[in-house]
There are 2 protein chains.
Amino acid sequence: MEVHSGKVVQLSGPRGVCCDCSQFQLCLPLDLGEADIRRLEALMQRQRRLARGTVLYRSGDRFRALYVVRTGSLKTFTLSRDGEAQITGFHMAAEMVGLDAVSIGTHPCEAVALESSTVCEIPFDDLENLSRELPGLQRQLLRLMSREIFHDHEMLQALTRRSAEERLAIVLMNFSRRFARRGLSATRFRLPMSRNDLSNYLGLAPETLSRLFRRFQEQGWLEGRGKEVVLLRPDAIQEMAN
Amino acid sequence: MEVHSGKVVQLSGPRGVCCDCSQFQLCLPLDLGEADIRRLEALMQRQRRLARGTVLYRSGDRFRALYVVRTGSLKTFTLSRDGEAQITGFHMAAEMVGLDAVSIGTHPCEAVALESSTVCEIPFDDLENLSRELPGLQRQLLRLMSREIFHDHEMLQALTRRSAEERLAIVLMNFSRRFARRGLSATRFRLPMSRNDLSNYLGLAPETLSRLFRRFQEQGWLEGRGKEVVLLRPDAIQEMAN
DNA sequence: CGATGGTTTGACTTACCTCAAGAACAGTGG
DNA sequence: CCACTGTTCTTGAGGTAAGTCAAACCATCG
């Protein structure tokens, strides 16, 4: 699962923030020369600030760029014919958004900031051109997409074969891993999304999710007030997630 | 959804069968010179025959090649810790298998022939190298992966927000479209997989699926004996699938 | 022919959803 | 700092879609 290996490429952007790639998955496993770094850097100059609730792109928008979350977090969701939303993913710092649009040229889902966030815009045409010259970059791009597929398959498995409480355990451990990857605590973190969003993502009613949180607390597995969560028995939760 | 446009590249393989690309999604939208066609062709020479039930690759196998289904059909599925299978997809002629392995270098799922089938093997390293020189090929590769993500998201939506009968309607129309795309009848076809596999894919108990088929027949929407299916009211089924 | 595995049917159970009503919370403005 | 309003979250009661279990049925196929 972890593709984070190899030399870390440190990029410093124009304002010294945008292109600090120590977290950004697209650069990480690359081993580029100074000149190549500059070129990749050039693609990532454009940065956008998003207030909570801001739409990054809408379903149906023309696909022009991929985005890397720099700070904060986003959710992506599809809207069915009758306006029902289905959340397809949450995207935290260092993660990429928009990969599902490459195929059809328009965004099949909508991306919205869950909190005040910043994202880095990468024009796709330019990225594609550059990746033609940098084999490592090309491979990494494919890897990211493949990883997305892999994740979706895990999610499919979870949503069909697992009980509600198993799903909660799975998603909790998933977040735990993603926070840990960024050097944050694996047992004490803040879920950036509402209970509603989370229940939607898990294919459950909000009421069911609420009851599950209570049950987990009664069992002494976690403590949570609001969005803050402390995992007291990560081993037990992991066991449940299997 | 349909990326099938542009000039059709006709390739004739060594035995005159392997590389007839009129159906193969990787070549379709390309506009290549004679020399390039030969090179792409060269990647696809290796063909494998699979008897029903034959394993193409196992979960955990080192990832070396992608496969294109030439005839017959395959299923792919993941195995959870405790041996439970979750079918992630059915793959018919002209469709590609193995894309989810690019990320981690090993196959995360297992591929098995549903009937006597043939597949075309494409060594991934070679494909990657060639795609560096042929921009159209590179883009098409990304597109295929993105389409897979798109499909998975649709599936996620179906499995969480839709009732059992809606799911059946969705999958029936999906197959209908895929058969039609290959020039076969959209209303009269043979489902290559067992009821068990189909129910697993839809996240339902086999019994539930059986009852659904009966209900659809009672309503005069379809007729089916065994794996043969005739859609009598595709409009109604489409309506249900929404 | 019986043996094997897939499929159907019926009776019963249950995990989760729905509905409805409070409770906690987050802004907003006084 | 406190009302006030709207929103999100929790809790309870009751219903139902789909799962489970068990048995009968039906195809292949040696």
Side-chain angles (χ1 to χ4, degrees), chain A residues 51-53 75 77 82 84-87 90 112-116 157-171 190-219 222-229 240, chain B residues 51-53 75 77 82 84-87 90 112-116 157-171 190-219 222-229 240:
Chain A
R52 178 194 153 101
K75 64 176 172 183
F77 55 96
D82 51 346
E84 277 285 304
Q86 163 63 29
I87 294 187
F90 301 109
V112 169
L114 287 170
E115 55 194 318
S116 152
Q157 173 117 1
L159 288 178
T160 57
R161 306 244 81 77
R162 319 301 284 275
S163 71
E165 52 181 5
E166 287 172 326
R167 293 183 212 177
L168 176 55
I170 289 169
V171 88
R190 204 184 111 86
L191 295 173
M193 74 295 292
S194 73
R195 289 282 192 274
N196 244 313
D197 285 344
L198 190 57
S199 66
N200 178 302
Y201 179 64
L202 293 175
L204 300 172
E207 295 93 329
T208 305
L209 183 61
S210 178
R211 281 183 254 269
L212 283 177
F213 263 104
R214 181 157 56 96
R215 209 183 308 166
F216 275 37
Q217 295 196 56
E218 283 166 3
Q219 287 172 302
L222 59 79
E223 206 168 290
R225 51 179 56 79
K227 308 195 162 174
E228 299 292 338
V229 175
M240 164 117 275
Chain B
R52 177 194 155 103
K75 64 177 172 182
F77 55 96
D82 51 346
E84 279 285 304
Q86 164 64 31
I87 294 186
F90 300 110
V112 169
L114 286 169
E115 54 195 318
S116 151
Q157 174 116 0
L159 288 179
T160 56
R161 306 243 81 79
R162 318 302 284 274
S163 70
E165 52 181 4
E166 287 173 325
R167 294 184 210 176
L168 177 55
I170 289 170
V171 87
R190 203 184 113 85
L191 295 173
M193 74 295 292
S194 73
R195 289 282 192 275
N196 243 313
D197 284 345
L198 190 57
S199 66
N200 177 301
Y201 179 64
L202 293 175
L204 301 171
E207 295 93 329
T208 305
L209 182 61
S210 178
R211 282 183 254 268
L212 283 176
F213 263 104
R214 181 156 57 96
R215 209 184 307 168
F216 274 36
Q217 294 196 55
E218 284 167 2
Q219 287 172 302
L222 60 79
E223 206 168 290
R225 50 179 57 77
K227 308 196 161 173
E228 298 292 337
V229 175
M240 165 117 275

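Side chains are part of it too, since the values below use all heavy atoms of this structure and drop only hydrogens, waters and symmetry mates. Bear in mind that the values here come from a model prediction, so they are computed numbers and not experimental data. Quick note on labels: first sequence line is chain A, next is B, and so on, each numbered from 1.
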What's the CG-P distance between A:L198 and D:dT10, to the nearest Å? 11 Å

Donor-acceptor pair, distance only, cut-off 3.5 Å: does the side chain of A:R195 make one with the backbone of A:G226? yes

Using a cut-off of 6.0 Å, state whether more than 12 heavy atoms not belonging to B:R190 lie near its atom CZ. yes

When rounded to whole Å, the CG to C1' distance for the pair B:L212 and C:dT7 reads 14 Å

Mapping A:R162 and A:R225 onto DNA chain C by nearest heavy atom, which one lands closer to the 5' end? A:R162

Looking at the base of D:dT10, is there any donor atom on it, or on the side chain of A:R215, that sits under 3.5 Å from an acceptor on the other one? no

Comparing A:E165 with A:E207, nearest DNA chain C nucleotide closer to 5' gives the residue A:E165

In whole Å, what is the span from the CZ atom of A:R52 to the P atom of C:dG27? 7 Å

For C:dG6, does either OP1 or OP2 sit under 4.0 Å from a side-chain N or O belonging to B:S194? no

Find the distance A:R161:CZ to D:dT20:C1' and express it as a whole number of Å. 13 Å

Whether the side chain of B:E228 engages the backbone of B:R225 through a donor-acceptor N/O pair (distance < 3.5 Å, no angle test) should be reported. no

Rounded off to whole Å, could you give me the CZ-to-C1' distance for the A:R195 and D:dT7 pair? 15 Å

Does A:E207 come within less than 4.0 Å of A:R211, counting only side-chain N to carboxylate O? no

So, is B:S210 close to the C:dT8 phosphate, meaning a side-chain N or O under 4.0 Å from OP1 or OP2? yes

Please report, rounded to the nearest Å, how far the P atom of C:dG5 is from the CG atom of B:N196. 13 Å

To the nearest angstrom, how far is A:L159 atom CG from D:dA18 atom C1'? 16 Å

Which part of the nucleic acid does B:G224 contact within heavy-atom distance under 4.0 Å: base, sugar-phosphate only, or nothing? nothing

Looking for any heavy atom pair under 4.0 Å, which part of the strands does B:R214 touch: base, sugar-phosphate only, or nothing? sugar-phosphate

I'd like to know if the side chain of A:N200 and the backbone of A:A85 have a donor-acceptor N/O pair within less than 3.5 Å. yes

Atom-to-atom span, NZ of B:K227 to C1' of D:dC26 - whole angstrom: 14 Å

Return no unless some side-chain N or O of A:R211 is found under 4.0 Å from OP1 or OP2 of D:dT10. no

